[in-house]
Amino acid sequence: MWYVLLASSVACVLFLTVTEAAIIRLNCERSNDKCLLKNIYATEDDRFKEIRNERYENIIEFFDCHIHTLPPIPYINKVKADAINLVRIEENTFSTIHRLDVSYNRLREFSPKAFEYPAELVELNLNGNPTLKDFAFLSKLSGLHILDMADMKLELELLDSNIFAEMSHLSRLNLSDNRITTVPVGMFAPLVGLTYLDLSRNSITKIASGAFAIAVTHGYEEYGLYHQKLHYDLSYNNISIIENNAFTHASKINLRNNKLIGIGQYAFDNQTALQSLDLSGNVQLKNFDFLHNLRALHNLDMSKMNFSFDGVPRNIFDDLDALTALDLSYNRIADIPIGIFAELQSLNFINLRHNKISHIEFGTFSMRKYDLIDEIDLSYNEITNLNFLVFVPLKYLKTLLLHGNEISHVNAKQLTRNKSLYNFGIQNSNVRCYDLIDLLGSLKLVHEPNEFVSNLPNVDGIKCQP
């Protein structure tokens, strides 16, 4: 008797469960060429009818929805289904689709058969799906140009080493804000179309030889150097060592705020036309022999490195023939050795603000071959007296910034001997108002951002001593 009643009860529960599941019709709210699907709430048991898209909108966007899986998607250019609590993407969800955004969901499953024509997908955003662990579906996406896998708690060593094997067209890959500690050698080698790789804000400790050996196909050779557009962002990691031959091709490398103590002399292949290198925030790095191989470098950032010229070889910058901008700000430079910049024949801008410099000697900024410097920033140092004639030989100098020093007197006759000088900055100092008035007819007095003074003695908004 009890068995019969129990069986009947179970049958009733099952019947109720089945009948509670709904088949949901999806109707577009049209906006321009976009199909908006709003306020859809569906349980795991609910099913959808195919989206009606008679007008062939270009984009389908889910807005303020809460659904477990996507409905069948007709031929479409882009689907935006971010932050709608997706748990899985099933087989045969997409036919032809070019761009898919499923970021910030709760994806646990993504069927390898989700796409009828997987090679048609060119952009995929998986950002913010930390519960997704099986990436077998990626192996079929051979047409991808952009792939975003940031903020997913990824560890590269736990992924299939061939995960990117078919992605020869991939141009941009974002792996930032993950749990990556090592870069497996060879994992990125198939990405011959790559232009930007973001590995910032991870926990990488070392860059091994060959880790970024990518034989990109979009470069060209000129004057014995291989030029290409390939940007690596490795900022905010824990990198301490970069081995020789770690990079074979690169145009820009960002190593800001790591823990570098050693970079191999040949870490950057000397045939690579590396144009921009950011080393800022690496306070333990003291050996700079690798700079001698960077013949095409245009921009070098060595700010916030606790750097000074004490004990540094006089030829530290000698081989940087193409360098146009050098940032040495926020360091502890007190003395600038005469001749330290002499070989920088292409230098246009040097930033020395926020150091401990108290004296500028004649010849400090003299170039051996060409004098192309057009801006010098010496703001926020410890300069009290300055012979402005030291800048007269710089015949292309247009901007001289001396904000935030203790300079009390500006000799206008000396300063204006330099006929190319146009911009002069002397804010936040003890300069006399009389001196500033003498300069007004010859130079443009430039301000620090948002520091125009109006409630104190000033000339043209620059505070001065009456």
Side-chain angles (χ1 to χ4, degrees), residues 24-42 47-129 132 135-152 164 166-176 191 193-198:
I24 300 174
R25 179 183 293 275
L26 300 172
N27 295 314
C28 292
E29 179 179 314
R30 291 174 173 84
S31 173
N32 297 325
D33 64 345
K34 184 185 295 184
C35 165
L36 285 176
L37 298 170
K38 293 184 175 180
N39 305 313
I40 302 168
Y41 295 86
R47 291 294 178 262
F48 302 96
K49 286 191 174 182
E50 186 172 298
I51 299 169
R52 297 182 65 84
N53 189 20
E54 293 92 344
R55 296 188 185 180
Y56 301 101
E57 281 80 4
N58 195 41
I59 300 172
I60 293 175
E61 181 175 343
F62 292 83
F63 180 79
D64 196 19
C65 296
H66 189 291
I67 58 180
H68 280 73
T69 189
L70 289 176
I73 304 290
Y75 289 85
I76 197 74
N77 178 47
K78 179 178 180 179
V79 172
K80 185 173 174 56
D82 58 315
I84 60 171
N85 286 291
L86 281 178
V87 174
R88 65 177 180 272
I89 295 178
E90 299 177 335
E91 291 184 21
N92 304 316
T93 298
F94 307 100
S95 49
T96 293
I97 180 174
H98 298 135
R99 292 172 174 80
L100 175 61
D101 182 351
V102 287
S103 58
Y104 294 100
N105 282 293
R106 298 184 295 124
L107 282 174
R108 293 196 296 269
E109 300 174 33
F110 200 128
S111 172
K113 298 180 179 179
F115 302 93
E116 184 179 359
Y117 300 104
E120 297 289 325
L121 190 69
V122 297
E123 182 176 336
L124 176 60
N125 190 347
L126 297 169
N127 190 353
N129 283 285
L132 186 60
F135 296 94
F137 66 95
L138 288 177
S139 64
K140 297 180 179 293
L141 305 180
S142 58
L144 276 181
H145 287 207
I146 300 173
L147 176 58
D148 192 335
M149 298 173 69
D151 195 17
M152 294 183 67
F164 304 119
E166 302 300 321
M167 297 186 188
S168 60
H169 299 291
L170 194 69
S171 173
R172 298 178 65 86
L173 175 59
N174 187 355
L175 293 167
S176 63
L191 302 179
L194 199 65
T195 60
Y196 181 69
L197 175 56
D198 191 347

Just wondering, do [Y] and [X] contact through their side chains at under 4.5 Å, heavy atoms?
X: N125; Y: L100; answer: no
X: L132; Y: F137; answer: yes
X: L70; Y: F48; answer: no

Shortest non-hydrogen contact from [X] toward [Y]:
X: R106; Y: N85; value: NE-OD1, 3.3 Å
X: N39; Y: D64; value: OD1-OD2, 3.0 Å
X: C65; Y: K38; value: SG-C, 4.2 Å
X: I60; Y: P74; value: CD1-CD, 4.2 Å
X: I24; Y: A42; value: CD1-CB, 3.7 Å

What orientation do H68 and H66 show, parallel under 30°, tilted 30 to 60°, or perpendicular over 60°? perpendicular

With rounding to the nearest 0.5 Å, note down the distance linking [atom1] in [X] to [atom2] in [Y].
X: L170; Y: S142; atom1: CG; atom2: OG; answer: 11.5 Å
X: N174; Y: L147; atom1: CG; atom2: CG; answer: 8.5 Å
X: F164; Y: L194; atom1: CZ; atom2: CG; answer: 9.5 Å
X: N58; Y: C35; atom1: CG; atom2: SG; answer: 11.5 Å
X: M167; Y: L138; atom1: CE; atom2: CG; answer: 4.5 Å

Does E61 have any salt bridge (charged side-chain N to carboxylate O under 4.0 Å, His left out) partners at least two apart in sequence or in another chain, and if so, which? K34

Sequence-distant partners of D82, salt bridge (charged side-chain N to carboxylate O under 4.0 Å, His left out), two or more places apart: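 For D82 the salt bridge (charged side-chain N to carboxylate O under 4.0 Å, His left out) partners, ignoring immediate neighbours, are K80.
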
Mark yes when over 12 heavy atoms from residues, nucleotides or ligands other than E123 sit less than 6.0 Å from its CD; otherwise mark no.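 Enclosed: over 12 neighbouring heavy atoms sit under 6.0 Å from CD of E123.
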
Is there a side chain to side chain contact (heavy atoms under 4.5 Å, CB included) between L121 and F94? Walk through the geometry before answering. CA-CA 10 Å; L121 190 69; F94 307 100; over 6 Å; no

Backbone N or O of M149 within a donor-acceptor pair of the N127 side chain at under 3.5 Å?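 Looks like no, no N/O pair under 3.5 Å.
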
Which residues pass the ring pair (Phe, Tyr, Trp, His ring centres under 6.0 Å) test with F63, not counting sequence neighbours? none

Return the set of residues passing ring pair (Phe, Tyr, Trp, His ring centres under 6.0 Å) with Y104 (not counting sequence neighbours), or none when no residue passes. none

Qualifying residues under side-chain contact (heavy atoms from CB on, under 4.5 Å), relative to [X], sequence neighbours excluded:
X: R172; value: I146, T195, Y196
X: H98; value: N77, T96, E120, V122
X: S168; value: V192
X: P118; value: F115, K140, L141

Assess the residue pair N129 and F110 against the criterion (side chain to side chain contact (heavy atoms under 4.5 Å, CB included)); give the C-alpha distance rounded to whole Å, side-chain angles, the decisive distance to 0.1 Å, and a yes or no. CA-CA 11 Å; N129 283 285; F110 200 128; over 6 Å; no

Side chain to side chain donor-acceptor pair (under 3.5 Å) filter on T69, not counting sequence neighbours, yields none

With L124 as partner, the option from D101, L144, D148 fulfilling side chain to side chain contact (heavy atoms under 4.5 Å, CB included) is L144

Any pair counted as side-chain hydrogen bond (donor to acceptor under 3.5 Å, both in side chains), so long as it reaches residues 108-117, sequence neighbours left out: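 Every candidate side-chain hydrogen bond (donor to acceptor under 3.5 Å, both in side chains) pair involving residues 108-117 fails, so no pair, neighbours aside, qualifies.
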
